[in-house]
There are 2 protein chains.
Amino acid sequence: MAMETILFGALADASRLRMVELLRHGPLTVGEIAARLALRQPQASKHLRVLLDAGVVNVEADANRRRYLLRGEAFRALDGWLAAYLRLEDDRMARLADYVGGLHPGACRRGRTNEQDE
Amino acid sequence: MAMETILFGALADASRLRMVELLRHGPLTVGEIAARLALRQPQASKHLRVLLDAGVVNVEADANRRRYLLRGEAFRALDGWLAAYLRLEDDRMARLADYVGGLHPGACRRGRTNEQDE
DNA sequence: CATAAACATTCCTTGACAGGAATATTCCCT
DNA sequence: AGGGAATATTCCTGTCAAGGAATGTTTATG
C-alpha cells in the first residue's frame with residue numbers, strides 16, 4: 001500500500017486527529033493524552049501505536065512513562081504531496097509570496113523550484 | 001465528526017488516492033477512470049461518491065456521461081490545516097520564500113500572516 | 001419505440017477496525 | 001522483595017466499509 005494511504009488512514013480518525021492537535025502544543029505522556037481526551041489508557045496506547053507506525057509521532061522513553069511528540073517529517077511529506085495539487089491554481093503563489101515575504105522581508109532572492117513528480 | 005476527518009478518510013484508500021492522482025492531469029469520466037485503474041464501474045462510482053461527499057471532486061453532467069474533476073478548495077483547506085504543523089520548524093520558511101521568490105520575483109511586499117487557530 | 005451505452009444504487013458477504021475488559025510488562029518507591 | 005503506577009498487549013464483540021453481482025435510471029441511437 002502507498003505511503004500516503006497509511007498516513008491518511010492514521011489521520012482519518014477523530015480520536016487520533018485530536019491527539020495530533022494536542023501534541024501540536026508539545027510532547028505529552030500517554031496518561032496525559034488519555035486524560036485530556038477522556039479516553040481509556042488502552043485505547044490511547046492503541047491509537048498512538050497507529051500514529052507511530054504511520055510516522056506521525058515519535059516516542060521518548062522516560063523510565064516508567066513514554067513521551068509522545070509530533071514528527072515534523074510526516075507533515076513535510078504531506079506538504080510535498082500536496083504541492084502538486086496546489087499548483088492547480090497559480091494565484092495562490094501570489095498570496096503565498098505575500099505571506100512569506102511578511103515573515104522574511106529580506107529573503108527574496110531567486111532559486112530552483114524544488115520539483116519532483118511521478 | 002470533524003471536517004478534516006472526512007477528508008482524510010476519503011483519501012485513506014488506495015483506489016481513491018489513485019483516482020485523485022489520475023484526475024490531477026485533468027477531468028475524466030467514470031468509464032475512463034474505471035478503465036485506467038482496472039476497476040469495475042460500480043466500484044468506481046462508489047469511490048467517486050465518497051470523494052464527492054468529502055468535497056475532493058466535482059461532477060459535470062455531460063448528457064449520458066459524468067465528468068469528474070478535482071476541487072482545489074479541498075486541497076487548499078488541507079494546506080491551511082497543515083500550515084499550523086509546518087510552523088514547527090521555521091527553516092521551512094526560508095526555503096519557501098526562496099521557492100516562491102523564484103516564481104514571483106517582484107512580489108516581495110509585506111502583509112498580514114493570515115492566522116487562524118483552534 | 002426498442003436497444004444499447006454510461007452511471008448510480010442496492011443487496012449481500014467478508015474483512016478490518018474501534019471500544020471494552022482483562023492481563024502482561026516495566027519501572028519506581030519503601 | 002513487594003506493591004503500585006504507567007504503559008502495552010490480547011481477546012472478544014459489534015460496527016462499518018469494500019468488493020462482487022445484479023438491477024435501476026437516464027440518454028443517445030437505429
#### Entry: Phosphate-side-chain proximity, Tyr68(B) and dA6(C), N/O vs OP1/OP2 below 4.0 Å
no

### Asp53(B) and Ile6(B), any side-chain heavy atoms less than 4.5 Å apart
no

### Query
Quick one: Arg65(B) CZ to dA8(C) P, roughly how many Å, whole number?
12 Å

### Task
By nearest nucleotide on DNA chain C, pick out whichever of Arg16(A) and Pro42(A) is the more 5' one.
Arg16(A)

### Query
In whole Å, what is the span from the CG atom of Leu39(B) to the C1' atom of dC7(C)?
15 Å

### Task
Ignoring backbone atoms, test whether Ser45(B) places a side-chain nitrogen or oxygen under 4.0 Å from the OP1 or OP2 oxygen of dA6(C).
no

### Message
Rounding to an integer number of Å, can you tell me how far Gln41(A) CD sits from dT26(C) P?
### Response
15 Å

### Message
Can you measure Lys46(B) atom NZ to dT10(C) atom P for me and round it to whole angstrom units?
### Response
11 Å

### Main-chain N/O of Val59(B) paired to Arg66(B) side chain as donor or acceptor, under 3.5 Å
no

### Task
Could you say whether Asn64(A) or His47(A) is positioned toward the 5' end of DNA chain C, judged by the nucleotide with the nearest heavy atom to each?
His47(A)

#### Entry: Same cluster (ILVMFWY, side-chain, under 4.5 Å), Leu52(B) and Met19(B)
yes

### Query
Rounded to the nearest 0.5 Å, what separation is found between the CZ atom of Phe8(B) and the CG atom of Leu78(A)?
6.0 Å

### Contact interval (first through last nucleotide) of DNA chain D with protein chain A, 4.0 Å heavy-atom
dA5(D) to dT10(D)

### Task
Measure from CD on Gln43(B) to P on dT10(C) and round the result to the nearest Å.
15 Å

### Message
Please report the interatomic distance CG(Leu82(B)) to CG(Leu82(A)), rounded to the nearest 0.5 Å.
### Response
6.5 Å

### Task
For Gln43(B) and Arg40(B), indicate whether the former's side chain and the latter's backbone hold a donor-acceptor pair under 3.5 Å.
no

### Task
Measure the distance from CG on Asp62(A) to P on dT26(C) and round it to the nearest whole Å.
17 Å

#### Entry: Euclidean distance, atom CG of residue Leu37(A) to atom P of dG19(C) [Å, nearest integer]
11 Å

### Query
Do the side chains of Tyr85(A) and Arg76(B) get nearer than 4.5 Å, heavy atoms only?
no

### Between dA6(C) (C1') and Leu48(B) (CG): distance, integer Å
13 Å

